Amino acid sequence: MGLLRRMREKKGFSETESMIADYMLEHFRELADASVRQLAKNTYTSSAAIVRFSQKLGFEGYPDFKINFLAEMMRHDDEPEERYFLENDNLPALIDKIMNIGIGAIKETHDLLDPAAVARALHLMRTHDYYDFYGTGSNLCVVNMMVDSLMLAGKHSSVHIPPEMQYLQAKDAPKHHLAIFLSCSGENRLLLKLAEELNRQGNSILSVTAHPKSTLAELSTVVLRGVTTEAVNEGGPRVFKLSCLYILHVMWGALLAGTHYKPAIRKSEWLAKNYYL
């Protein structure tokens with residue numbers, strides 16, 4: 001069940017927790033700069049109650065909860081009925097709503113990207129000539145859309161969907177290969193074993209995950225924050241794929257804007273003249 005739905009339905013909430021949830025939903029625009037102490041004062045509760053409320057909803061503490069809560073509210077506040085599709089929606093409505101889901105996923109990812117983390121990720125990608133991708137099959141399908149673009153930037157990639165191939169790829173991976181993981185939860189058991197193996201070998205790991213406090217994030221050299229949603233009619237797992245694709249495009253653009261820009265333009269022009277016609 002999604003975070004906002006749990007807060008609105010208040011199943012299993014105490015009277016104090018219901019009061020906190022109601023205040024946050026009604027005054028969410030004021031929360032960005034509000035401390036735990038200020039929020040406790042406004043809800044006539046205590047700082048400890050706010051922390052317990054955050055933990056009850058599955059977060060490590062209030063700061064982690066606030067980031068996720070505000071991100072959800074930003075996606076749903078502006079014409080929320082346009083952010084999810086319904087059983088009886090007609091075709092024109094679906095066309096608009098699917099567009100809004102995609103735009104919302106990219107905007108939310110943009111808002112959560114940490115420029116310092118992007119700079120560290122770019123440094124890793126610039127100092128490695130070969131990228132080995134790891135993830136579940138559906139997430140790696142996104143990467144296949146980017147392989148040719150990365151080659152334009154002078155970077156070669158390995159994308160193997162079968163798990164056994166990913167294991168063989170990780171085992172004794174050369175140090176000049178950068179491991180890039182795409183994992184929504186950051187808790188996939190196979191991916192964690194591969195990340196542990198790469199750590200033992202001393203390989204650098206760049207991860208994209210919707211859960212920056214996950215085990216995979218802890219095993220990574222650099223983490224970039226993606227977004228997701230549980231509800232199928234809000235995009236479901238597809239939101240994370242859109243988020244990953246946006247992040248990979250950002251990194252590709254940053255690589256291309258460096259020393260590979262002019263060679264990439266020449267390659268694109270040759271392809272347009274000799275192949276794409």
Side-chain angles (χ1 to χ4, degrees), residues 1-78 80-81 83-84 101 104-105 107-109 111-114 117 136 181-189 191-192 195 207-220 223-240 243-244:
M1 185 182 293
L3 174 60
L4 297 187
R5 188 182 302 178
R6 290 183 65 188
M7 292 177 66
R8 285 167 179 155
E9 293 183 359
K10 305 182 189 69
K11 289 183 179 178
F13 281 19
S14 66
E15 184 178 345
T16 297
E17 290 165 346
S18 296
M19 186 163 52
I20 293 172
D22 287 339
Y23 181 87
M24 288 181 169
L25 290 167
E26 185 176 353
H27 301 277
F28 78 95
R29 295 182 184 280
E30 303 167 14
L31 297 185
D33 300 318
S35 65
V36 174
R37 183 177 297 179
Q38 183 62 48
L39 181 57
K41 179 180 178 181
N42 293 346
T43 56
Y44 304 98
T45 59
S46 65
S47 298
I50 302 297
V51 173
R52 287 195 298 271
F53 177 80
S54 303
Q55 293 171 340
K56 181 169 185 173
L57 290 170
F59 299 94
E60 189 173 311
Y62 175 66
D64 190 28
F65 163 82
K66 183 166 74 170
I67 290 173
N68 285 272
F69 171 68
L70 291 179
E72 285 287 310
M73 289 301 294
M74 282 190 292
R75 189 164 71 232
H76 289 266
D77 179 58
D78 183 19
E81 69 279 4
R83 299 299 184 189
Y84 54 89
I101 287 171
K107 185 179 185 305
E108 185 179 343
T109 306
D111 292 343
L112 291 176
L113 276 181
D114 177 7
T136 59
F181 282 74
L182 306 181
S183 175
C184 182
S185 69
E187 298 295 345
N188 180 285
R189 287 190 299 171
L191 295 182
L192 292 180
S207 291
V208 180
T209 177
H211 297 275
K213 302 293 185 181
S214 63
T215 306
L216 177 61
E218 293 175 359
L219 293 168
S220 302
V223 178
L224 295 178
R225 174 76 179 273
V227 300
T228 189
T229 179
E230 295 179 8
V232 174
N233 68 343
E234 294 175 9
R238 296 155 194 81
V239 168
F240 181 68
S243 184
C244 288

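A quick note: this is a predicted structure, and the numbers were derived from the prediction, not measured. What you see below is based on every heavy atom in this structure, not just the backbone, and it leaves out hydrogens, waters and symmetry mates.
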Leu39/Tyr62 under side-chain contact (heavy atoms from CB on, under 4.5 Å): CA gap, chis, key distance, verdict:
CA-CA 10 Å; Leu39 181 57; Tyr62 175 66; 3.6 Å; yes
Would you find a donor on one side and an acceptor on the other, under 3.5 Å apart, between the side chain of [X] and the backbone of [Y]?
X      : Y      : answer
Ser35  : Gln38  : yes
Ser220 : Val223 : no
Thr45  : Lys41  : no
Thr209 : Cys184 : yes
Thr109 : Ala105 : yes

List the atom of [X], the atom of [Y], and the distance in Å for their closest heavy-atom pair.
X      : Y      : value
Leu182 : Leu191 : O-CD1, 4.2 Å
Ser183 : Phe240 : C-CZ, 3.6 Å
Leu192 : Gly186 : CD2-O, 3.6 Å
Tyr23  : Asn42  : OH-ND2, 3.0 Å
Ala195 : Leu216 : CB-CD1, 3.9 Å
Pro212 : Ala217 : O-CB, 3.3 Å

Between [atom1] of [X] and [atom2] of [Y], what distance do you get to the nearest 0.5 Å?
X      : Y     : atom1 : atom2 : answer
Ser18  : Met7  : OG    : CE    : 10.5 Å
Glu108 : Asn68 : CD    : CG    : 8.5 Å
Ile20  : Leu25 : CD1   : CG    : 12.0 Å
His27  : Leu31 : NE2   : CG    : 9.0 Å
Arg52  : Ser47 : CZ    : OG    : 10.5 Å

ring-ring contact (aromatic ring centres under 6.0 Å, His included) involving Phe181 - partner list, sequence neighbours excluded
Tyr134
Would you please name every residue forming a ring-ring contact (aromatic ring centres under 6.0 Å, His included) with Phe65, sequence neighbours left out?
Phe53, Phe59, Phe69
Test side-chain contact (heavy atoms from CB on, under 4.5 Å) on Ile101 and Arg238 and set out the steps.
CA-CA 10 Å; Ile101 287 171; Arg238 296 155 194 81; over 6 Å; no
Show your reasoning for whether salt bridge (Lys or Arg N to Asp or Glu O under 4.0 Å) applies to Lys10 and Glu17.
CA-CA 8 Å; Lys10 305 182 189 69; Glu17 290 165 346; over 6 Å; no
What do the steps show when you test Lys213 against Asp64 for side-chain contact (heavy atoms from CB on, under 4.5 Å), and what is the final call?
CA-CA 9 Å; Lys213 302 293 185 181; Asp64 190 28; 4.0 Å; yes
Answer with yes or no whether the side chains of Ser14 and Thr16 bring together a donor and an acceptor at under 3.5 Å.
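The criterion, which ignores hydrogens and geometry beyond distance, is not satisfied for Ser14 and Thr16.
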Side-chain donor-acceptor pair present, Ser214, Glu187, cut-off under 3.5 Å
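No.
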